[in-house]
Amino acid sequence: MFNQLRAALVMVLLMTALTGIAYPLAVTAIAQVAMPHAANGSLVERNGVTVGSALIGQAFASDRYFGSRPSATGPEPYNASASSGSNLGPTSAKLRDRVAADVERLKADGTEGSVPADAATTSGSGLDPHISPEFVRSQVARVAKARDLPETEVAALVERMTEGRALGFIGEPRLNVLELNLALDALKT
Amino acid sequence: MTIIGWLQISLLFLAVLAVIKPLGLYMAGVFAGERTLLSPLLAPIERGFYRLAGVDQTREQGWLGYTLAMLALSLAGFILLYGILRLQAYLPLNPQGFANVPADLAFNTAVSFVTNTNWQNYAGETTMSHFSQMAGLTVQNFLSAATGMAMAVALTRAFARSQVSVIGNFWVDFTRATLYVLLPISLLMAVVFVSMGVPQTLDASATATTLEGAQQTIALGPVASQEAIKQLGTNGGGFFNANAAHPFENPTAFSNYLNIFAMLSISSALVYTFGQMVGSRRQGWTLLATMAILLIAGVGLVYWAETQGNPILGALGLDPAQGNMEGKEVRFGQAMTALYAAVTTGLSDGGVNGMHGSLTGLGGLVPMFLIQLGEVLPGGVGSGLYGMIVFAILSVFVAGLMVGRTPEFLGKKIEGREMKFVMLAVLILPLAILGFTAVSAMLPFAVASVGTGGPHGLSEILYAFTSAAGNNGSAFGGLSGNTPWYNTALGIAMLVGRFAYVVPVMAIAGSLAGKVKLPTSAGTFPTDTPLFVGLLIGIILILGGLQFFPALALGPIVEHFAMLAGQTF
């Protein structure tokens, strides 16, 4: 039995050195040398200022920008240092009231007809960088008006920025909100 | 449900199918002690480890010695991890300056990672230093997985051998599983994850100024290295609180594939290894077919339930076309989220790419039920295989009762002693799940942790103990589990679910190894036919699942009808 305990102790320490120190450091070294952009969070810069990560959503309140999905992170939405879903069950009264309020807000902002599901639900991470093409389309008129742009021009931009399914069937059609809004800012007004 | 959705799901299963044979054969070689492609590089490390640990690699152990070695390793791993968590403020690589983890949470977390559960009562990015994530949690991701593989291989040898008292050397099986299987594949996969956008840095965070001028602090860390072994070892403990729903753990549809593929590949291939080692590949495929049928049914049911959407939200003016999107990511949609939810619970992974607590009534029922079946579809690495063998033994026993012959499985007579151990193992899961749930549902301070009222509240508690005892780790996250009661009770449930299950299994291995391997005769009940697949499915559903039906009826099933009736709580 003593032999077994000794073996266990030594093995745990050796494995910690191998799989807990050497392995993650080796991956870090490879990643930092070969793929520094991805390894450091796919950060996006504009005029030398880091404006976010291409993979992480952010909140947009202004009419001039396409809005992201609601986010359940605290204390503020899209808190990228504390990811979280709402974890509310389907029969939760809190969920019903929150969605009802969001639907009302979206309708007041000009959404016509039924509201796309992603527009009034929170994502699992609270950091979803994407929204559905339907949600984007429901915002085109509002954004175009706020920017004094012809609707067709904004709609064309949306068309261009829509990411389709890889090979025609892998993944879901979507738009990256930060990239879309950056492209919007780059349009000549 | 759409054709494109099912195409996405099918592609994943085809990819896994393609690696089952090569990976299964490779692992059979690894556990037979053969030289592999990687031996020139790894054999010196392997020999060095044995020498330092005082292990004689040529000496095999009986079932008791093998089991004690496994318990000793788990104990040592627990102590080291607990120590690291309790002292992380004084340890290096703590750029965020996180405090020491409190005692009850450290106990829960250490047990959780040592038992391959990876239940998390903490949020990774706001609790754990990089050192704790790497040298603490990542290490146990490897060790608990390698331990499971070792035990499955030992049980396999008991069927392959005839009249012997030894079933292998735990230290050798465990070391070879880590060095030759888990480590090289993890390294490769981690690099691929980085190329898809998963960060790998020792920095704590990046700061951005958003387009609207707000400051956004973006948590970073050595994510890719942990993500790879988290899935490969069916651990499931996320670097971040949101687990694989977080865009940094799972940025794209392809990374989602890789995540699920990594979970499924070793567990599935091990079943092939089993067939190879016992000399009947057909037996391996028979078990795999059983697993695949039940798992795909599970995927289909979640997918169907979620695309129906939530009528309560539909009545508020939400378009039902996208299905239930609460707790889901746009880039995954319904098909990829359903696939992940069923696979992570058919396995004992427990990572999530959408929040299970926000699934619809029936959509949430499936993951819970798949864990309650014992996580054998195809289950955790190793633990799924030995769980399935337990069900197979139970099936031949029931078949034997029906035809009045002594049951045999793979030439080994199944007798009273084995059946007692099988029943011990099979009954421990419902005892831990239902017992702890019943107690918690009666304790006011335990009920106070519930997030959503009504039937969903019971589901949250039931899911927690199902996940803990099943060593899964996924959650209905509305439950605030970081309390002394849940930290302790869930910790005990995890220990019971892992060790009170595997010790009887190892006793079965010891008992079977000593028996003669009988040749197949005309009176042998064949266990590699479609008939046996049907029997096995029946046994899994009736003996594995039916005992949970009353509890499920009060939780997710009532919730489903409440949802249809538009009732909220």
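Protein chains get the first letters and strands the later ones, always in sequence-line order, with residue 1 at the start of each. Predicted model, so just to flag it, every value in this text is computed and none were measured.
In this structure, chain A has a heavy atom under 4.5 Å from the side chain of B/L143, while its backbone stays farther away. For A/A119, no part sits under 4.5 Å from any heavy atom of chain B, backbone or side chain. With a 4.5 angstrom heavy-atom cutoff, B/A321 does not touch chain A via any of its atoms. Only the backbone of B/L359 comes within contact range of chain A, with at least one heavy atom under 4.5 Å from a heavy atom of that chain. No part of B/T2 comes within reach of chain A, as not one of its non-hydrogen atoms sits under 4.5 angstrom from that chain. No part of A/F135 comes within reach of chain B, as not one of its non-hydrogen atoms sits under 4.5 angstrom from that chain.
Inter-residue side-chain proximity for B/H456 and A/P90 is flagged as met; some heavy-atom pair is nearer than 4.5 Å. A heavy-atom distance below 4.5 Å is found between the side chains of B/T175 and A/M15. With a 4.5 Å cut-off on side-chain heavy atoms, A/M11 and B/Y50 count as touching. Taking the side chain as every heavy atom from C-beta outward, B/E249 and A/S125 never approach each other to under 4.5 Å. Residues B/L313 and A/V103 form no side-chain contact, since every pair of their non-hydrogen atoms from C-beta on lies 4.5 Å or further apart. Between A/S83 and B/F248 there is no side-chain heavy-atom pair separated by less than 4.5 Å. Using a 4.5 Å heavy-atom cutoff, the side chains of A/L18 and B/F49 are in contact. Side-chain contact between B/Q322 and A/E172 is absent, with no heavy-atom pair separated by less than 4.5 Å.
For the atom pair A/L127 CG and B/H246 NE2, the distance stands at 5.0 Å (nearest 0.5 Å). To the nearest 0.5 Å, atom OG1 of residue A/T111 and atom CG of residue B/D319 are 12.0 Å apart. Here the OH atom belonging to A/Y23 is positioned 12.5 Å from the OG1 atom belonging to B/T178, to the nearest 0.5 angstrom. If you take CG on B/L564 and OG1 on A/T91, they are separated by 11.0 Å, rounding to the nearest 0.5 Å. To the nearest 0.5 Å, the span separating CD on A/Q58 from OG1 on B/T210 amounts to 5.0 Å. Atoms CZ and CD, from A/R165 and B/Q8 in turn, are 6.0 Å apart once rounded to the nearest 0.5 Å.
Between the side chain of B/Q216 and the main chain of A/G52, no donor-acceptor pair closer than 3.5 Å is present. In this structure, the side chain of A/D128 engages the main chain of B/V330 through a donor-acceptor pair within 3.5 Å.
Here A/R6 is the residue among A/R6, A/E134, A/R174, A/K107 with the most heavy-atom pairs under 4.5 Å with chain B. Taking chain A as the reference chain and counting heavy-atom pairs below 4.5 Å, the highest number among B/S358, B/A475, B/S74, B/A253 is found for B/S358. Among the candidates A/P116, A/A54, A/A17, the residue making the largest number of heavy-atom pairs closer than 4.5 Å to chain B is A/P116. Ranking A/D118, A/L182, A/V10 against chain B, the residue ahead of the rest is A/D118, based on heavy-atom pairs under 4.5 Å. Considering only heavy-atom pairs separated by less than 4.5 Å from chain B, the leading option among A/A38, A/G171, A/S114, A/S123 is A/S123. Between chain B and the residues A/G85, A/A61, A/S84, A/S81, the largest count of heavy-atom pairs under 4.5 Å involves A/S81. For chain B, the option among A/K94, A/E163, A/H37, A/H130 with the highest count of heavy-atom pairs below 4.5 Å is A/H130. In terms of heavy-atom pairs under 4.5 Å with chain A, the best-connected choice from B/M134, B/E212, B/M563 is B/E212. Heavy-atom pairs under 4.5 Å with chain A peak, among B/G361, B/S225, B/G363, B/A214, at B/S225. Note: B/F174 leads B/F174, B/F170, B/F240, B/F193 in heavy-atom pairs under 4.5 Å with chain A. For the options B/T138, B/N310, B/L93, heavy-atom pairs under 4.5 Å to chain A are most numerous at B/N310. Counting heavy-atom pairs under 4.5 Å between each of B/T337, B/T201, B/L479 and chain A puts B/T201 at the top.
More than 12 heavy atoms of other residues, nucleotides or ligands shown are found within 6.0 angstrom of CD on A/E76. No more than 12 heavy atoms of other residues, nucleotides or ligands sit less than 6.0 Å from atom NZ of A/K145.
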Distance-only donor-acceptor hits, side chain of residues 42-51 of chain A, under 3.5 Å, sequence neighbours excluded:
residue : atom : partner : partner atom : Å
A/R46   : NH1  : A/D185  : OD2          : 3.0

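A side-chain contact (heavy atoms from CB on, under 4.5 Å) with A/S92 is found for exactly one of B/I312, B/T452, B/T568, namely B/T452.
Classification of A/R98 and B/E326 as a salt-bridged pair holds, one side-chain N sitting under 4.0 Å from a carboxylate O.
Between A/V12 and B/G77, the shortest heavy-atom distance links the atoms CG2-N, 3.7 Å. Smallest separation of non-hydrogen atoms from A/I21 and B/A135: CD1-CB, 4.1 Å.
Contacts with chain B (heavy atom to heavy atom, under 4.5 Å) involve these residues of residues 27-36 of chain A, listed by number: A/V27, A/T28, A/I30, A/A31, A/Q32, A/M35.
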